[in-house]
Asks: 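Structure below; questions to follow.
Quick note: numbers below take in every heavy atom, side chains included, and nothing from hydrogens, waters or symmetry partners. Whatever order the structure lists them in is the order used to number ligands and atoms, beginning at 1.
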Amino acid sequence: MVENANITAYMKSKGFDDYETFYKWSLEHRDEYWDDQAKELHWFEPWQKTFEWTTKPFFKWFVGGKTNIVYNCLDRHMDTPVRNKVAFHWEGDNGETRSMTYEQLYVETNRLAKGLQNLGLKKGDRVAIYMPAILEQIIAVLAVARLGAVHTVVFGGFAANALRDRIIDAQARLVITADGNHRGGKLIQLKNITDEAVAETPTIEKVVVFNREGLDVSMKEGRDIYWHDLLADIPADTVVPCEQMDSEDLLYILYTSGSTGKPKGVVHVHGGYAVGAYATTKFVFDIKDNDIFWCTADVGWVTGHSYIIYGPLMTGVTSVLFEGTPAYPNPDRWWSVAERFKVTILYTSPTGIRGLMRFGEEWPAKHDLSHLRLLGSVGEPINPEAWMWYRHNIGRDELPIMDTWWQTETGSIMISPTIIQPLKPGSATRPLPTIEADVVDKNSHSVGLGKGGFLIIRHPWPSQMRTIYNDPARYQTYWETLPDVYFAGDAATIDKQGFIRVQGRVDDVIKVSGHRLGSMEIESSLVSHPAVAEVAAIGKPDELKGEHVKVFVILKNGFEPSDELAKELKLHVRTTVGALAVPEELEFTPSLPKTRSGKIMRRVIRAVSWVSRSVIPVHWTPEHKTYPYHCVPDYKNRSRQNLVCSCFYSRGHIHLVTM
Ligand code: WT7
C-alpha cells in the first residue's frame, strides 16, 4: 500500500523517498509543488504567476488563470472512462437507494443550469441552497457554480432566522429548497421554514422547490416554482458551457461562527480552492480508481463541500451520499450503508464514532466491513478511546486513521498523516506539503517542542479563504491577532517527534458534535425573548458531543426562574437558530462576571463552570473581590485577572491562556 501510495509517486517524481525531507523541500518550493498539482486540472487559460501577495494579508493564487471547478468535476471526465462510472450511490433516510453516473450528473447539472439561466441567473449572483442530502442538492451546487454564480449552502438543521440572516448577508436572488424530508424518521418542513425566512429577505426573487416528499406546501404565485416544472421542457442533451472564471472569482460563501457578532461569510474562489481540494483528496485519502469513498458529513458544512462534492468529483472517484442519521432505525445503520456499497474509504467525525460506541461492538460486528482500507476523522480532537474503538471495530486493528485538522477558512485539509507516515492516537501528526504550521506564543515565536501555544500557519495556501464576505476587516483579524501569521483559533502542542496535537478552540466558538456555534448567536437568540435581560453562552466538555451549550440567563424584572420558562427558552433557541444550538444546561443567575468596561467574561465563566457547576456563586459580581480562582489550577495570580484571554479544557485540566 505504501509503495503504491499517491503521495509516494509524487515524492519519487521529485527524487524523495521519505516524507520529512520531502516536506522540507516543499517549504522551499511552494510554487513548484502547487504548479504541479494545478497542472493536473483543466484551465481554459493558464496562470501567469503562481502566487502573489497583493496587499497583505490579501493574496492571489494562479494569477491570470481561467478555469471552472465544475469543468474539473464533470466535463473533463466526459472523454474518459470515468464518464460511465457511478459518481454517487445514494441512500435515503427510509432505505431507498439510487445511483447516478458521472454522465447522468453532467446531464442533470446542465439541465438545471439551463433552468436557472431561464430564471435570469448569471455570473456573480448569489444563490442560497437549503436542501436535504439528496442528489439534487449536489446538482444544485454544481449548476450554480457552472453558471459562475455563487452558492451559499445552508445546513438543513438551521431554523428560519438563521437562513434569513445568511440570505440577507449574501443578498441572494434565489433559494433552492425542497418541500421537506425525513432525517432519523423525523419530518423537516424545509419549504415552510424557507417561506418564513424569505418573508423578511428583500433580495429573493425566486424559490425553486424540489418535490422530495410530495408534501402539500404553499407555492407563492410568481415567486415559487417546482424544480420539475422548471426543467420540464429542457432536454437531456442540453449543454450550458461552464462560465470561464478567473482563478480568483467567487465560488461560494459558507457561513461559519466566530467569537463575536453574526456568522461570517467565508469566501472561497474557483482556482486555488479547486487545486487544494483536489490535491488533498488525492494524497490524504489516496484515492484509487476502484475506491468507494464515503464522507459522512453534511453538504451544509465545509467538509461536505470539499470532501463530498468537489474533491472527490475532481478525482473521478465513486462516492456515497447518505440522507439519514447514524443510528436510525438501528445503531448499525452506518455499518449497513458501508457494507451495502462496499465502502473502501470512510471519513467521519469523532462525535459519530463516540455516539455509536455507546451501543456496543456487536453492531459493527454484524456487518462485512472488509472492503474498508482507509479511515478518516475530522471536526474536533479525537480522544484516544474513540480512536482505539474506531481502529479496532471498524479498522480491524490494521487500518490507518487519517486524523485531519482543518477549518471552514482553510478550505481543505492542512494537518494530517498520509498513508506512508506513522500515526499517533489523538494527533493529526504532521502538516501536509508546503503548509508551514507551528505552535507559537503571542509574538508568533515558536514555543518549542513539548510546550503548548497557539496553532498558526505562516504562509497562505491555495484553498485558503480570500476574505469574509462584505467584511474584509474581519478577514484581516485572522492575520493580525498574532503578528504576521494566520491564527486559526486553536491551541496545540508539538511533541518531541514533531507531532501536532490540537487541543481545542481558545476563543468563544463552541464545538457541538464538531459543528461550530458562536456564543453570540445563542445569546442574541435568547435576548430576543421578552423575559431575558442578559445571557452568557459557553461550551462545556461533553463525553459524547465534545462540547455542549450551557447558558447563564439573567431575567428581566418581573420574571421568575422556573422549569417552564427554562423549557420555553430552549424551544426559543430551537426555533430561531436550530436544534444544534439548544442549550443542554440553562442556569438562571442574578449577575454575571464582567470586565471593568462591562463585557461579559465568558472565558472566565467557562473555566470556572467546567470545574464545578456550583462555583459560579449567584452573588458573584465584579464588585465582590472574591474571584474564585482557587478552583482553577495553575492560576493564582490575582493581579493578572484581566489578562485572562482564554482557556481550554484538555485531559482533565483547565488551562488558562494569559496575554
Ligand atoms: C475547527 C474548525 C474542518 C472541517 C470541519 C470543521 C476543530 C477540526 C480537527 C481535528 C482537532 C479539529 C478545530 C478547528 N477541528 N478538525 N482533526 N482535530 N480539532 O470545520 O467548523 O470550520 O471548525 O474544528 O477546533 O479550528 P469548522
Asks: Could you tell me whether Arg505 and Glu380 have a side-chain N and a carboxylate O separated by less than 4.0 Å?
Replies: no
Asks: Strictly under 4.0 angstrom, heavy-atom based: which residues surround ligand 1?
Replies: Val302, Thr303, Val378, Gly379, Glu380, Pro381, Asp403, Thr404, Trp405, Trp406, Gln407, Thr408, Asp490, Val502, Arg505, Lys511, Arg516
Asks: Which atom names give the shortest non-hydrogen contact between Glu436 and Tyr23, and what distance separates them?
Replies: CA-OH, 4.0 Å
Asks: Could you tell me which residues satisfy side chain to side chain contact (heavy atoms under 4.5 Å, CB included) with Val302, sequence neighbours excluded, listed by chain and number?
Replies: Tyr252, Leu254, Ser306, Trp406, Thr408
Asks: Enumerate donor-acceptor pairs with a distance under 3.5 Å from any side-chain N or O in residues 153-166 to protein atoms, sequence neighbours excluded.
Replies:
residue : atom : partner : partner atom : Å
Arg164  : NH1  : Glu200  : OE1          : 2.8
Arg166  : NH1  : Ala162  : O            : 3.0

Asks: Is Lys570 paired with Glu585 through a side-chain N to carboxylate O contact shorter than 4.0 Å?
Replies: no
Asks: Do any side-chain atoms of residues 451-459 form donor-acceptor pairs under 3.5 angstrom with protein atoms, and if so which ones, sequence neighbours left out?
Replies:
residue : atom : partner : partner atom : Å
Arg458  : NH1  : Ser444  : O            : 3.4
Arg458  : NH2  : Asp438  : OD2          : 3.0
Arg458  : NH2  : Ser444  : O            : 3.2
His459  : ND1  : Arg30   : NE           : 3.3

